[in-house]
Every structure is written in structure tokens, then in C-alpha cells.
Amino acid sequence: MSTNEPNTELRRHFIRDIIEADIATGTFGGKVVTRFPPEPNGFLHIGHAKAFCLSYGLAEDYHGVYNLRFDDTNPVKEDPRFVEAIKKDIKWLGFDWEDREYYASDYFEQMYGYAVELIKKDKAFVDSQTLDEIRKNRGTIKSPGTNSPYRTRSIQENLDLFARMRAGEFEDGALVLRAKIDMASPNMLMRDPIMYRIRHARHHRTGDSWCIYPMYDYAHCLEDSIEGITHSLCSLEFEAHRPLYDWYLEQLNIHHSKQIEFARLNITHTVLSKRKVETLVSAGVVEGWDDPRLLTLSGLRRRGYTPQSIRNFIDRIGVAKSLSTVDFALLEHTVREDLNKRSNRVMAVLNPVKVIIDNYPADQTEEMQAINNPENPEAGTRLVPFSRELFIERDDFMEEPPKKFYRLAPGREVRLRYAYFITCTHVVKDASGTITEIHCTYDPATKGGNAPDGRKVKATMHWVSAAHAYDAEVRLYDKLLTVESTDEVAEGKTFMDYINPNSLEIRSHCKLEPSLAKAAAGDRFQFERLGYFSVDPVYSTPGRPVFNRTATLRDEWAKLRKK
RNA sequence: UGGGCUAUAGUAUAAUGGUAGUACAGCGGAUUCUGGUUCCGUAUGUGAGGGUUCAACUCCUUCUAGCCCAACCA
């Protein structure tokens, strides 16, 4: 039995079909080598996660290896701080590229050699046209281009000029090395594409050793070839580039990786392009690349998402070639699913109103035993202090409750979770009519939350003892955009005109149960009946945690209310 | 002188000539000390027309719609 036998449990998609066919026919010697090639010019988002989970996951599934390669061929856009951020994010998702951390810039010398080879084969030439002339002579989509007047330079002259380009004899833009293909090709990319341009710029790794830098199409296929990549996955917009990718490798007659394109990820109510995310960051709409409202991996991490939930999400959305926009609800579902199993429950009141239990002794405190995680008995129990004055959620009380509302109301009995049944007797309001105190009585026989006479209540509510409550800031997040897709922006507007003004709500005096005072950055909890929250690593200080809402709980009442 | 690609429920994806399935969302119900979780049930789909075949999401054909390509970006 071969170790490469397809695993039928794996989710099927067209790339698996291709790989399995290649394994079956012995193409690439039955090996699978993939790569993820980010340009270090920004942070990774969940769309990139789809890309590397796919490439890396496939390598794992078929017992191959995967590389991390920084595609750093444009020094004016790249920065080492992004290299570090990218590595951190990929590791966070659980991948280990071991020692296979490569940089396109490490191949510059080799790429230069291949370029010389192409010149010698009369497959490349140095062009002296200006940028404008090159553009004009490229033709249009519906009309052929015209050959550069310099296209017929001798091989010797091309060799000489190219060497002098490298030596730094020319200004930026003076010359360019071009592949000699076909200016009349219906594929614009095949019209003598540029291979090298002059950039007198300091590179973050090679310093000043180069002043000519290779273009993407020329560089990328060589990077894949040099590393022995078998299946080179990329997004759909590179489909038209494939003939060029193949052309360079054929001319050079070197290892030929197979480029396979798939549809990039889009998600409703957010932006997922590096350019748009950067716009939000630089305009100050969000607080940085790691703003919890962003679907950058650093933002999701800060928001409290688990790596597992993101990988589950990516697994479920599948892979195909049709443009698609995944419902944000699916991402929320996968994070709830994971957090439901792993996070401990606590009680926190985000919008507090005071409850006074008039028949409870003023000087008494009791410790109520609460279950930490009903999904995981091993999580054990804890004690929560209970006293005469408590806070409950303002939304959990209504003076004139509608039919389907079965929480606290005048004359009604409800259960305080793990504590007592209480009955509302009356409320006290301030001059403006706002309720300041809800007065109740409790039934001492219901301690722990059950009535010995078997009577039932419709609602169970969370609460926090006023005297023991811990004040904290809680940050509530909502969708970034008010529209599902940036396709919906009206004429003359941009996605920036559709930013949800309520995407961040800061509640500064929330009342938390005392056990939460020792929560540390990154800790995750379920605030009962409210949602999943995690301790913000940036704003929290020792002893003063700030919480981010990762996701709300599903809320049937909120749905009913809207109707 | 244009080329390349895509089309299956609301959304995302399976079905590779043989019962159109799964997940999320929706709706209805049961259970529940979280209006959570869990469980059960349910509506909704092959872009359109023609053809081949006993049989078509699948093959052929003609349309239609959408996306990508004219950076010295990746």
C-alpha cells in the first residue's frame, strides 16, 4: 500500500484531483512540494490564510514538504517588519516550515544568470524606450502592439548593456530588459514583457548590491523552479500569466512547476485586499493592522479567534475557481463552535442596573458554586460571591413586558443563575424616569437555583454582586461595513463611505465577577448569555484586563425582538 | 485582434453518464439552571435554448451573465 494513497476523508476539490493524477502518473516523481510566497509589504489576512492552509495542507496530506518564501523583488515596497509579522501569523495557525525559509532575493544572482542565458538565446533584449513609449507600443486589448526599435540589437550589445545596467551606469527607468516573445499576442502579458527594471533602492536583505530587480513574472517561476516546487498555487488573476510562467521555464529548460489558480476568499461586510486594509489603517479608521475589527490574522488573534476555528473555517469554505463571497456568519459559527467547547463560563454585566433584595440580610455574603464549563466537566467549578445588592443586565428587566419577554418584570419570579429565585416588587426611578433600582424579594428555599416545591421559572439570568464586582472596560465589535460587498458602493463613492459607525463600542464600566481580575492577555471566556470575550493584549495592564468581544452568542430573543 | 476563466438552494461547496448531497443562514419543534449548547423536522437548486443517450449537473452546440488582462506592482 502506497503512503500516497488518497485519503477519502479529505474534502474533495479540483486541486486534489490534479495532484492525485500527478502522483498516479509519476509526474514530479510522485512528490508534492508547495510554497506560500508572500510579499513582505503588509500583514496577512484570512484570505492569505486560505492560500497557505491550502498549499501547506496539501503538502501534508500527500506526505510532501512546504516552503515559506518571501517574494521580495520590489525593495521600495517591502519592509522587514512585515517579514516578522508574517512568520508569527503562519506559526500561530500551526504550520512549521522548519528550515525551509527562503527569500526571492537569495536567488538574484541565479536569476541574473538565467537572464544572461536568455539574452544569449536571443530571447531577451535591452530596451531603451521610455516608459511612455513602451506603454504606447504595447497596443491595446483589441489591437496588436508594435516592436520596439531596439528589439533587433545584437546579442553582444544586449549582453554589454545588461551588464552595465547591473553595474549601475544608468538612471532608474533608462533601460529595461525585456523578453522577446510576440508583440501581437492576444495575451497582453506575452507582448515582450519586462524582466528587469532599474531601481537604485536599498533592499532590506541585499542592501545596495543590486540596482536592477526582476519583475514578478520572470522571478516567480524561477523561484518555484529553483526550490523544486511541484504545484504552485495562486489566485485567479494569475491565470493569464500562466503562459508566460511556462514560457520562461521552457526557454530555460529547467524544473517546471505546475501553476494552478483558485478563487481568492471574499467575506461579507469586510474588505480583504491588502490595499483596502492599508487604506483603513493609514486613514485611521482602524487602530492598526491588528485592529480586532479587521480580518487580518493579527486582528483575529487579538479579537480572540482560535487558530483551530480559522482552520475549520477554511476547510469548510472549500476551493473552487468561481468568484465567491462567504457569509461572515460562517466564520462566526466556526469560532463559536470551537469556543463553546473550550472556554470557561463567567458572569459579567455589560449594561448594569442595580437589584436590591430587600429581604436578604444586609451584612451577609454567600459563596455560590458555579460550573465552569458544562461542555467539559473537567473544567470544574468555582465560587461566586452573592449579596443583597447585585447588578443585572438592564435589558433583562422590562416594566411592561411584551408577550415573548420572559425575563424579570414587576411581580414576576426569575432565577439568578446558581443563586436564588427572586421576585420583583417595585422599581425606583430618577427624575428623568430612568430606573435606578429594581427591588426584589428572594426565596431562601431556592438556594442554588432550584425550588424544593418543583415550581418553574421561565428565565435564568446572570448577575454580579455589587460589592464584589470588578469594574472593567469591554470593547464590543460589529461588522466593519454596512454593505455586504464593496461591489455595492454607489457611483462616485468608495468603500470608505460605508464604514459602520458602530463597529466599535467601548463600555467602560462593566461589572465582572471578581475571578476575572486575574485574567491575563489572550485568555478567553464565555460571558454567560452574552458572548465570547478575550483579554486584549494591548490595552490590558496587570490587574486591569480589557476585554474584546470575539463573538456574541446566538440570540433568539434578539431575533424575536426585531420582528 | 482580442485572449483567458467562471456559472449547482439565500451563501459556500459535492456529485467525474446512473437516487442532486453537505455545511452555514432561514423556518418549525424537543431538551435545557445560558432565549447558549444538543437533538429532530422542513422549504428552497443544476444560468437559458437545442442536441447525443435507455439515462445529462456531467458530453456536443448556440446563447446569456459575471470576473481577469493594456504597472518599469505582486
Side-chain angles (χ1 to χ4, degrees), chain A residues 11-14 17 37-39 41 71-74 76-78 127 130-131 134-136 138-145 172-178 184-191 194-199 212-213 215-217 219-220 234-243 261 263 265 268 274-275 316-334 336-337 340-341 345 347 370-371 374-375 404-407 415-419 421 448-450 456-462 484 526-531 552-561:
Chain A
R11 186 183 183 108
R12 300 304 314 172
H13 53 74
F14 76 100
D17 294 344
E39 182 185 20
N41 68 346
D71 202 4
D72 54 352
T73 57
N74 186 359
V76 302
K77 288 196 173 179
E78 295 149 12
D127 198 351
T130 64
L131 210 167
I134 289 177
R135 193 178 356 232
K136 200 179 303 164
R138 186 145 37 214
T140 70
I141 268 170
K142 297 197 175 176
S143 61
D172 286 8
L175 298 175
V176 96
L177 183 71
R178 291 232 248 171
S185 172
N187 181 347
M188 297 294 290
L189 291 155
M190 300 298 274
R191 320 244 262 227
I194 292 170
M195 295 165 60
Y196 273 91
R197 75 290 212 185
I198 300 173
R199 281 275 177 289
I212 57 171
Y213 292 94
M215 297 285 291
Y216 169 83
D217 287 300
H220 206 88
C234 63
S235 48
L236 249 32
E237 66 266 31
F238 291 101
E239 259 172 337
H241 296 242
R242 183 159 19 99
E261 309 87 9
L265 172 62
T268 59
K274 237 186 227 178
R275 207 205 94 243
R316 288 199 201 183
I317 57 175
V319 186
K321 294 189 72 163
S322 59
L323 296 179
S324 59
T325 302
V326 175
D327 195 337
F328 187 84
L330 181 58
L331 218 208
E332 282 204 302
H333 173 262
T334 54
R336 285 190 190 115
E337 179 183 50
N340 175 53
K341 283 179 290 185
R345 275 62 170 168
M347 292 196 284
I371 294 165
E375 306 292 321
K404 298 272 180 88
F405 182 91
Y406 50 80
R407 275 108 96 143
R415 169 168 41 231
L416 291 178
R417 187 148 216 219
Y418 302 125
F421 283 14
N450 287 301
K456 302 285 187 200
V457 287
K458 292 272 276 190
T460 298
M461 293 164 25
H462 62 281
E484 276 203 0
Q526 183 196 101
F527 288 2
E528 294 226 20
R529 304 208 301 139
L530 297 175
T552 61
L553 251 33
R554 285 184 61 199
D555 189 347
E556 287 295 324
W557 168 238
K559 250 189 246 173
L560 285 171
R561 213 184 191 169

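Heavy atoms only: backbone and side chains are in, while hydrogens, waters and symmetry mates are out. Labels below follow one simple rule: chain letters A, B, ... track the order of the sequence lines, proteins then strands, and each chain is numbered from 1.
Rounded to an integer number of Å, the gap from A:Ile317 CD1 to B:rA25 P is 16 Å. Per the geometry, NE2 belonging to A:His13 stands 19 Å off P belonging to B:rU8, to the nearest Å. Following rounding to the nearest Å, A:Ile194 (CD1) and B:rC69 (P) show an atom-to-atom distance of 17 Å. The interatomic distance linking A:Leu331 (CG) with B:rA23 (P) rounds to 19 Å, in whole Å. Here the C1' atom of nucleotide B:rC67 and the CD atom of A:Glu237 are 11 Å apart, to the nearest Å. Atom CZ in A:Arg529 sits roughly 18 Å away from atom P in B:rU32 (whole-Å rounding). Atom OH in A:Tyr406 sits about 6 Å away from atom P in B:rG35, given to the nearest Å.
Among the nucleotides B:rA12, B:rA74, B:rU37, the one closest to the side chain of A:Met215 is B:rA74. In the set B:rG2, B:rU11, B:rA71, the nucleotide with an atom closest to the side chain of A:Asp327 is B:rU11. Set against B:rU37, B:rA71, B:rG35, the side chain of A:Phe405 has B:rG35 as its closest nucleotide. The listed nucleotides are B:rU34, B:rA74, B:rC24; the one nearest the side chain of A:Pro374 is B:rU34. Checking B:rG36, B:rC24, B:rU13 against every side-chain atom of A:Ser322, the shortest atom distance belongs to B:rU13. The side chain of A:Glu39 sits closest to B:rC73 out of B:rC69, B:rC73, B:rA12. Closest contact between the side chain of A:Asn340 and the listed nucleotides B:rG2, B:rU37, B:rC73 involves B:rU37. When each of B:rG3, B:rU34, B:rA74 is scored by its nearest atom to the side-chain atoms of A:Thr460, the top-ranked nucleotide is B:rU34. For A:Leu323, taking side-chain heavy atoms from C-beta onward, the closest of the listed nucleotides B:rC67, B:rA74, B:rC72 is B:rC67. When each of B:rA23, B:rA12, B:rC73 is scored by its nearest atom to the side-chain atoms of A:Val326, the top-ranked nucleotide is B:rA12.
A donor-acceptor contact under 3.5 Å is formed by the side chain of A:Arg345 with the base of B:rU34. Checked by distance alone, A:Glu375 brings a side-chain donor or acceptor within 3.5 Å of a matching partner on the base of B:rG36.
Glycosidic conformation, B:rA65: anti, with the torsion outside 90° of 0.
Counting non-hydrogen atoms under 4.0 angstrom, A:Thr130 reaches a base of the nucleic acid. Contacts of A:Val319 with the nucleic acid, taken as non-hydrogen atoms under 4.0 Å apart, involve only primed sugar atoms and P, OP1 or OP2. Here A:Arg316 lies in heavy-atom contact (under 4.0 Å) with sugar-phosphate atoms only. A:Asp172 comes within contact range of no nucleotide atom at all, as no heavy-atom separation falls under 4.0 Å. Using a 4.0 Å heavy-atom cutoff across all strands shown, A:Tyr213 reaches no nucleic acid atom at all. As judged by a 4.0 angstrom heavy-atom cut-off over every strand, A:Thr334 is placed among residues making no nucleic acid contact. Across all strands, A:His241 comes closer than 4.0 Å to base atoms (heavy-atom distances). Within 4.0 Å of A:Gln526, counting heavy atoms only, lies at least one base atom of the nucleic acid. Contacts of A:Phe238 with the nucleic acid, taken as non-hydrogen atoms under 4.0 Å apart, include base atoms. Residue A:Asn74 is classed as a sugar-phosphate contact, given heavy-atom separations below 4.0 Å to backbone atoms only. Residue contacts shown for A:Leu560 include a base, since a base heavy atom lies under 4.0 Å away.
Here the CZ atom belonging to A:Arg561 is positioned 14.0 Å from the NZ atom belonging to A:Lys559, to the nearest 0.5 angstrom.
Taking all atoms of both residues into account, the shortest heavy-atom contact from A:Thr140 to A:Arg191 is O-NH2, 2.6 Å. Here the closest non-hydrogen pair linking A:Leu330 and A:Val326 is CD2-CG1, 4.0 Å. Scanning all heavy atoms of the two residues, the minimum distance from A:Lys274 to A:Glu39 falls at NZ-O, 3.2 Å. When all heavy atoms of A:Glu78 and A:Thr73 are compared, the closest pair comes out as OE2-N, 3.4 Å.
Only the P atoms considered, B:rA25 is 42 Å distant from B:rU61, to the nearest whole Å. For the C1' atom pair drawn from B:rA43 and B:rG50, the interatomic distance equals 32 Å after rounding to whole Å. Rounded to the nearest Å, the gap between the C1' atom of B:rG49 and that of B:rA12 is 28 Å. Between B:rG2 and B:rC63, the distance separating the two P atoms is 16 Å to the nearest Å. B:rC57 and B:rA20: their P atoms are spaced 8 Å apart (whole Å). Separating the C1' atom of B:rG35 from that of B:rG17 is a span of 50 Å, rounded to the nearest Å.
Under the 6.0 Å cut-off for aromatic ring centres, A:Phe405 and A:Trp557 qualify, their centroids lying closer than that.
Residue-nucleotide stacking is not present for A:Tyr216 and B:rA74, judged by a side-chain ring centre under 5.5 Å from the six-membered base ring centre and planes under 30° apart.
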